[in-house]
Protein chains: 2
Amino acid sequence: MIKYSGENLTEAQNELYEWIRDYVRDFQHSPSIRQMMNAMGLKSPAPIQSRLKHLQDKGFISWQEGKARTLKLVDEIIDGIPIKGSIAAGGLIETFSDVQENLDVTEIFKKKDVFALTVNGDSMIDACIADGDMVLMEPLRDSYSLKNGTIVSAMVPGLGTTLKYFFKRGGKIYLEAANPAYDPIELNLDEVIFQGKLLAVWRKV
Amino acid sequence: MIKYSGENLTEAQNELYEWIRDYVRDFQHSPSIRQMMNAMGLKSPAPIQSRLKHLQDKGFISWQEGKARTLKLVDEIIDGIPIKGSIAAGGLIETFSDVQENLDVTEIFKKKDVFALTVNGDSMIDACIADGDMVLMEPLRDSYSLKNGTIVSAMVPGLGTTLKYFFKRGGKIYLEAANPAYDPIELNLDEVIFQGKLLAVWRKV
DNA sequence: TGTATTAGAGTACATTTGTTCCTTGATTAA
DNA sequence: TTAATCAAGGAACAAATGTACTCTAATACA
């Protein structure tokens with residue numbers, strides 16, 4: 001049991017609530033009252049209705065009256081991480097403004113064919129992409145839609161794959177590192193295959 | 001429409017699919033066939049049944065026969081982004097090794113009370129945390145479990161909140177920036193409240 | 001053109017399902 | 001003890017709902 005919002009539940013109510021929660025997790029839809037009846041070992045739907053009413057009164061569940069299997073758990077629905085505000089990185093400036101937006105990282109997961117790469121090396125360090133970071137990439141079909149300055153993962157057949165800034169000038173492709181220690185790579189259009197462009201950086205500490 | 005897994009849908013099927021998807025998003029449960037009928041402007045449930053069968057055959061939906069409102073979208077349930085391998089950031093070294101692991105960003109969402117902050121400023125730039133990045137923080141109860149070198153968000157009452165490296169030496173707390181332009185802040189233990197420690201960095205491009 | 005296929009309308013039916021009413025038995029409070 | 005309260009059983013009802021069938025019109029195809 002997770003939610004004890006003020007009021008407590010009887011054992012029967014608690015058992016029913018947990019069973020419903022598990023059922024919804026497994027089947028993605030609400031059980032019917034008679035299914036609950038069977039699961040609770042009862043022989044009449046009436047006691048279930050009573051317990052459901054109590055669960056509703058205490059704010060644990062809700063449903064559309066008369067409609068089948070419309071029961072919903074009034075749970076803490078987490079579809080994102082709360083963004084509490086901004087933080088100073090350069091002196092002590094402001095406090096949490098308690099902005100109640102949500103960081104929905106999952107949205108990037110909806111995009112099809114996104115893939116991740118582990119970064120090796122420090123050539124993109126000035127772009128704040130460090131060794132060991134995960135870069136999330138979106139596949140590319142052609143290089144024509146690429147804008148100068150985009151960070152791409154490019155494959156030069158026979159050589160390998162690398163993460164670099166993309167530039168195109170006068171029919172030539174330039175792959176530039178974000179680190180003065182590395183020289184730009186100059187290539188012809190047909191010497192390079194672009195696998196993806198950078199969507200996001202993910203670093204676990 | 002997102003999913004076009006090989007087979008295409010007719011306009012009617014597509015319209016129905018999208019309506020169902022939106023309904024489920026709004027109400028958290030499946031609509032009934034007659035609701036779909038009304039929404040599609042039809043006067044008989046039969047055409048809906050036909051379209052549902054097609055959607056089922058093509059792998060878009062599924063349901064439990066005979067049971068009300070048990071329809072389920074057979075969506076691409078992504079609980080991770082495929083990690084295709086590592087990439088060189090410092091010369092052309094290796095190619096995708098096609099490692100088939102999954103980057104499960106969602107795992108960090110399971111932890112309770114994780115929150116996000118938007119970074120303002122460049123004081124952590126050498127730690128590769130740039131202006132505009134999102135930092136995901138885990139709440140802290142006490143400072144005793146903190147190790148030197150951890151990145152924390154700390155609040156000095158009356159001043160504000162800041163993101164810094166944490167160090168403790170001889171009864172004193174030192175908050176250090178990852179940028180030589182900023183001087184360390186020296187504080188007593190009771191002058192500072194730690195709100196969280198850094199779990200991850202998220203940057204959308 | 002004629003035929004086959006498909007979508008939709010209309011109808012009907014059986015099951016599922018939420019809801020209500022009444023009764024019984026157990027537990028509790030006065 | 002007695003009355004009150006509550007959970008449960010039993011039965012029944014009406015609405016919601018999935019499903020099957022026939023018929024018609026439109027469309028595609030040869």
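All values below were derived from every heavy atom in this structure, side-chain atoms included, with hydrogens, water molecules and symmetry-related copies excluded. Worth saying up front: this structure is predicted, and the values here are computed from it rather than measured.
- With sequence neighbours excluded, the residues forming a side-chain hydrogen bond (donor to acceptor under 3.5 Å, both in side chains) with B:Tyr23 are B:His29, B:Gln35, listed by chain and number.
- Between the CE atom of A:Met37 and the P atom of C:dT19 there is a distance of 15 Å, given to the nearest Å.
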Which pairs, protein N/O on one side and nucleotides 8-15 of chain C N/O on the other, fall under 3.5 Å?
unit_1 : atom_1 : unit_2  : atom_2 : d
C:dG8  : OP1    : B:Arg51 : NH2    : 2.5
C:dG8  : OP2    : B:Arg51 : NE     : 3.0
C:dG8  : OP2    : B:Arg51 : NH2    : 2.7
C:dA9  : OP2    : B:Lys43 : N      : 3.4
C:dG10 : N7     : B:Ser44 : OG     : 2.9

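- Summary of helix geometry: the two end axes of the helix from C:dT1-D:dA30 to C:dA30-D:dT1, each defined by five base pairs via their C1' atoms, are inclined to each other by 30° (rounded to 10°).
- Per the geometry, CD1 belonging to A:Ile33 stands 13 Å off C1' belonging to D:dA15, to the nearest Å.
- At whole-Å resolution of the value, CD in B:Gln64 and C1' in C:dT16 are 13 Å apart.
- The aromatic ring centres of B:Phe166 and B:Phe194 sit less than 6.0 Å apart.
- B:Met124 pairs in a side-chain contact (heavy atoms from CB on, under 4.5 Å) with only one of the listed residues (B:Ile151, B:Thr162, B:Val119), which is B:Ile151.
- Inspection of the A:Tyr182 and A:Asp122 side chains reveals an N or O donor paired with an N or O acceptor under 3.5 Å.
- Using modelled atom types, no side-chain atom of B:Thr70 and backbone atom of B:Trp63 make a donor-acceptor pair closer than 3.5 Å.
- At least one donor-acceptor pair closer than 3.5 Å links the side chain of B:Asp133 to the backbone N or O of B:Ala130.
- Rounded to an integer number of Å, the gap from A:His54 NE2 to D:dT5 C1' is 12 Å.
- Spacing between atom NE2 of A:His29 and atom P of D:dG18 amounts to 12 Å, rounded to whole angstrom units.
- The NZ atom of A:Lys53 sits 15 Å away from the C1' atom of D:dA7 (whole-angstrom rounding).
- Here the side chain of B:Arg203 pairs a donor or acceptor atom with the backbone of A:Cys128 at under 3.5 angstrom.
- The interatomic distance linking B:Glu11 (CD) with C:dA7 (C1') rounds to 14 Å, in whole Å.
- Across C:dA7, D:dT19, C:dG18, the shortest atom-to-atom separation from the side chain of B:Gln49 is found for D:dT19.
- A:Asn188 pairs by the side-chain hydrogen bond (donor to acceptor under 3.5 Å, both in side chains) definition with A:Lys172, not counting sequence neighbours.
- Between the side chain of A:Ser44 and the backbone N or O of A:Ala46, at least one donor-acceptor pair lies under 3.5 Å.
- Distance CE (A:Met36) to P (D:dA8): 15 Å, rounded to an integer number of Å.
- Side-chain nitrogen and oxygen atoms of B:Trp63 include at least one within less than 4.0 Å of the OP1 or OP2 phosphate oxygen of D:dT19.
- Closest contact between the side chain of A:Ser32 and the listed nucleotides C:dA7, C:dT17, D:dT17 involves C:dT17.
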Within the sub-3.5 Å range, which N or O atoms of nucleotides 24-29 of chain D have a protein N or O partner, and how far apart are they?
none

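- Between the side chain of A:Asn179 and the backbone N or O of A:Ile125 there is no donor-acceptor pair closer than 3.5 Å.
- For B:Lys43, there are no side chain to side chain contact (heavy atoms under 4.5 Å, CB included) partners at least two apart in sequence or on another chain.
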